[in-house]
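One structure is given below, encoded as structure tokens.
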Amino acid sequence: MPAPRHIPVVIIGAGPSGLLLGQLLYKAGIDNIILERKSADYVLSRIRAGVLEQVTMDLLHEAGAAEHMDRDGLPHHGIELLFEGKRHRIDLHGLTGGKSVMVYGQTEVTRDLMRVRAAEGLTTVYEAANVQPLEFDSEQPTVRYEHDGQVHEIRCDFIAGCDGFHGVCRASIPEDRIRHFEKVYPFGWLGLMSDTPPVSDELIYVNSPRGFALCSQRSHTRSRYYLQVPLTDKVEAWSDDAFWEELKRRLDPEARARLVTGPSIEKSIAPLRSYVAEPMRFGRMFLAGDAAHIVPPTGAKGLNLAASDVGFLSRAFIDYYKNKSAHGIDHYSEQCLHRVWKAERFSWWMTSLMHNFPEEGAFHTKVQEAELDYVVNSRAASTSLAENYVGLPMR
Ligand code: FAS
Ligand code: PHB
């Protein structure tokens with residue numbers, strides 16, 4: 001085994017969390033390495049989020065990775081809620097004093113971060129196998145991994161667990177030091193991507209008697225659609241035609257008439273869960289993004305929460321190295337969780353509002369109808385939805 005080297009921060013995972021953290025640390029002069037178990041192509045092949053909050057946009061600018069987002073991203077000032085056959089616009093911009101969101105895919109964000117990292121000559125070890133965070137309670141943790149048939153060890157000051165929900169970092173924490181909070185939803189999202197023009201200028205969130213649907217987009221020529229499906233459904237059982245026919249059944253007549261269908265370029269089913277691990281810091285190992293929490297995508301918060309965790313973590317490391325202060329790292333978990341739980345609540349609320357829960361019975365459906373009517377007819381209620389959707393401040 002080559003002699004262990006020392007790198008200040010070892011980041012495990014090269015998804016958006018790991019890549020954004022790597023860039024923010026580099027910009028502050030803090031050396032780091034990223035260890036990723038998959039290939040770069042595999043990471044880019046995963047179709048995930050599509051909506052960025054201002055906080056995320058600001059961090060991408062700070063990371064020097066916003067050029068393509070500024071060029072290709074689509075600012076959105078409103079969304080629509082469709083229920084009982086009628087669409088109701090939520091004026092995000094007007095209700096939040098001028099805030100908006102940016103429609104720009106996670107795949108593009110990840111590609112942009114990969115590009116700037118490579119341009120700066122920074123190291124990302126792809127296809128790093130059997131990555132193990134070790135001695136993270138000591139003053140000098142170690143990360144061991146295998147690559148190209150060799151075992152490697154890196155000594156470091158800090159480990160950033162950016163390895164997602166199924167990663168190794170959270171799994172390395174003894175059960176008596178971590179608390180899990182989880183809610184699993186009784187359905188999944190069947191997603192389809194197509195090179196067809198979006199059905200509408202803005203996103204449409206649908207609550208129909210047949211289930212939830214979402215009409216989203218990636219550009220003026222690429223659309224992203226979702227259908228609520230039972231957890232027992234298999235993506236192989238859904239032909240493109242079956243998807244389009246079911247989507248039409250859940251839309252209003254105007255959208256149904258405008259819908260342009262076409263061959264899927266991606267189709268997959270994702271389960272929905274709410275999950276939070278507490279705390280998010282264990283000695284010199286810090287969890288960020290999906291490694292620490294998961295939200296149902298209804299509120300478009302997953303990627304954005306990952307970004308704000310990384311914003312807090314990068315500031316904490318910069319505080320440590322530049323100001324010799326442990327204040328940031330000592331308050332990291334509390335700072336993140338304050339924002340995480342508000343996003344968990346909003347994502348749970350949007351999911352509860354927009355999906356069918358047949359097992360909950362007729363009373364639940366009537367309460368849902370009343371809440372939808374209240375949200376679109378009360379300025380206070382629609383303002384609450386709007387300020388959460390555009391993203392609460394990082395504080
Ligand atoms: P990621 O999971 O993206 O990245 C973690 C990385 O760590 C991966 O590349 C993984 O290969 C790597 N890794 C794992 N274990 C490792 C190990 N042992 N060693 C080394 N590397 C390891 N969010 C939204 O806002 N809107 C959406 O519509 C949306 N849709 C989603 C659909 C699906 C199917 C999923 C799973 C998530 C979705 N999300 C959505 C949430 C998603 O966007 C996440 O919030 C986002 O990917 C979080 O980024 P990371 O924290 O970097 O985690
Ligand atoms: C998406 O475009 O993938 C998307 C948009 C908004 C959501 C979830 C997913 O709430």
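Given the structure is predicted, the values throughout are model-derived calculations rather than measurements. Scope of the values below: all heavy atoms of this structure, side chains included, with no hydrogens, waters or symmetry mates. One-based numbering, in listed order, for ligands and for the atoms of each.
Ring to ring, F181 and Y275 are not that close: their centroids are 6.0 angstrom or more apart. Between F357 and F187, a ring centre-to-centre spacing shorter than 6.0 Å is recorded. A centroid separation of 6.0 Å or more is found between the aromatic rings of F158 and F136. Taking the six-membered ring for Trp and the full ring otherwise, F165 and H293 have centroids separated by 6.0 Å or more.
At a heavy-atom cutoff of 4.0 Å, ligand 2 is contacted by the side chain of R218 but not by its backbone. Residue L35 touches ligand 1 through its backbone alone, judged by heavy-atom distances below 4.0 Å. Here A300 has backbone heavy atoms under 4.0 Å from ligand 1, and that is the only part of it that gets that close. The part of W189 lying near ligand 2 is the side chain, judged by heavy-atom distances below 4.0 Å. In L203, the part holding a heavy atom less than 4.0 Å from any atom of ligand 2 is the side chain.
The distance from ligand 1 to the heavy atoms of A270 drops below 4.0 Å at these ligand atoms: 34 (C). Heavy-atom contacts of R46 reach the following atoms of ligand 1: 4 (O), 8 (C), 9 (O), 10 (C), 11 (O) (cutoff under 4.0 Å). Residue G164 has at least one heavy-atom neighbour below 4.0 Å for each of these atoms of ligand 1: 2 (O), 5 (C), 53 (O). Close approach of ligand 1 to C162 is summarised as follows: ligand atoms under 4.0 Å from at least one heavy atom of the residue are 5 (C), 6 (C), 7 (O). Listed by number with element, the atoms of ligand 2 under 4.0 angstrom from any heavy atom of R48 are 3 (O). Residue-ligand proximity, G167 to ligand 1, at heavy-atom distances under 4.0 Å covers atoms 15 (N). Contact atoms of ligand 1 toward G289: 51 (O) (distance under 4.0 Å to a heavy atom of the residue). The contact set between ligand 1 and K38, taken as ligand atoms under 4.0 Å from a residue heavy atom, comprises 11 (O). Remark: ligand 1 atoms within the under-4.0 Å shell around heavy atoms of V168 are 18 (N).
The single protein non-hydrogen atom nearest to atom 8 (C) of ligand 2 is P297 O, 3.2 Å, given as residue, atom name and distance. Taking atom 11 (O) of ligand 1 as the reference point, the nearest protein heavy-atom neighbour is E36 OE2, 2.7 Å. For atom 22 (C) of ligand 1, the closest non-hydrogen atom of the protein is R37 CG, 3.7 Å. Regarding atom 24 (C) of ligand 1, its nearest protein heavy-atom neighbour is A49 CB, 3.2 Å. Regarding atom 3 (O) of ligand 2, its nearest protein heavy-atom neighbour is Y226 OH, 2.7 Å. Among protein heavy atoms, the minimum distance from atom 6 (C) of ligand 2 is reached at Y205 OH, 3.3 Å. Remark: minimum distance from atom 14 (C) of ligand 1 to any protein heavy atom is reached at D163 O, 3.1 Å. For atom 51 (O) of ligand 1, the nearest non-hydrogen atom of the protein is S17 OG, 2.7 Å.
One distance of note links NE2 of H327 with CD of Q335; it measures 8.0 Å at 0.5 Å rounding.
The option with the heavy atom closest to atom 49 (O) of ligand 1, from among G299, P16, G15, is P16. Nearest-residue assignment for atom 43 (O) of ligand 1 (options H166, Q132, R48, Q106; heavy-atom criterion): Q106.
Using a cut-off of 4.0 Å between Lys/Arg side-chain N and Asp/Glu carboxylate O, D319 and K324 are scored as not salt-bridged. A salt bridge links E246 and R250; the closest N-O separation between the charged side-chain nitrogens and carboxylate oxygens is under 4.0 Å. Taking the charged nitrogens against the carboxylate oxygens, R273 and E182 do have a contact shorter than 4.0 Å, which makes a salt bridge. Under the 4.0 Å criterion applied to side-chain N and carboxylate O atoms, R170 and D290 are not assigned as salt-bridge partners. A salt bridge does not link R5 to E153: none of the charged nitrogens lies less than 4.0 Å from a carboxylate oxygen.
Among the atoms of S216, some N or O lies under 3.5 angstrom from an N or O of ligand 2. At under 3.5 Å, a nitrogen or oxygen of D290, whether backbone or side chain, sits near a nitrogen or oxygen of ligand 1. Considering backbone and side-chain atoms together, R224 places no N or O closer than 3.5 Å to any N or O of ligand 2. Residue A306 places no N or O, backbone or side chain, under 3.5 Å from any N or O of ligand 1. Looking at ligand 1, you'll find an N or O of G302 within less than 3.5 Å of one of its N or O atoms. Taking only nitrogen or oxygen atoms, main chain and side chain alike, L214 does not reach within less than 3.5 Å of ligand 2.
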**Q.** salt bridge (charged side-chain N to carboxylate O under 4.0 Å, His left out) between E53 and R339, intermediate numbers included
**A.** CA-CA 13 Å; E53 296 174 356; R339 194 170 194 267; 3.0 Å; yes
Q.
For a side chain to side chain donor-acceptor pair (under 3.5 Å) check, start with the C-alpha distance between Y104 and D112, then their side-chain angles and the critical distance, and finish with the verdict.
A. CA-CA 11 Å; Y104 189 67; D112 296 343; 2.5 Å; yes
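With a 4.5 Å cut-off on side-chain heavy atoms, L24 and I318 do not count as touching. In this structure, W189 and V229 have side chains that are not in contact, with every pair of non-hydrogen atoms separated by 4.5 Å or more.
Within the structure, ligand 1 lacks N304 among the residues with a heavy atom less than 4.0 angstrom away. Residue M350 places no heavy atom under 4.0 Å from ligand 2. Using a 4.0 Å cutoff on heavy atoms, A128 does not count as a contact of ligand 1.
For the side-chain hydrogen bond (donor to acceptor under 3.5 Å, both in side chains) criterion with E202, the lone passing option out of R87, R89, Q217, H77 is R89. Of the candidates I204, L259, L190, L259 is the only one forming a side chain to side chain contact (heavy atoms under 4.5 Å, CB included) with Y225.
Side-chain N or O atoms of R284 include none that pairs as donor or acceptor with a backbone N or O of D137 at under 3.5 Å. In this structure, the side chain of R258 engages the main chain of V199 through a donor-acceptor pair within 3.5 Å. The backbone N or O of N356 lies less than 3.5 Å from a partner atom in the side chain of Q228, making a donor-acceptor pair.
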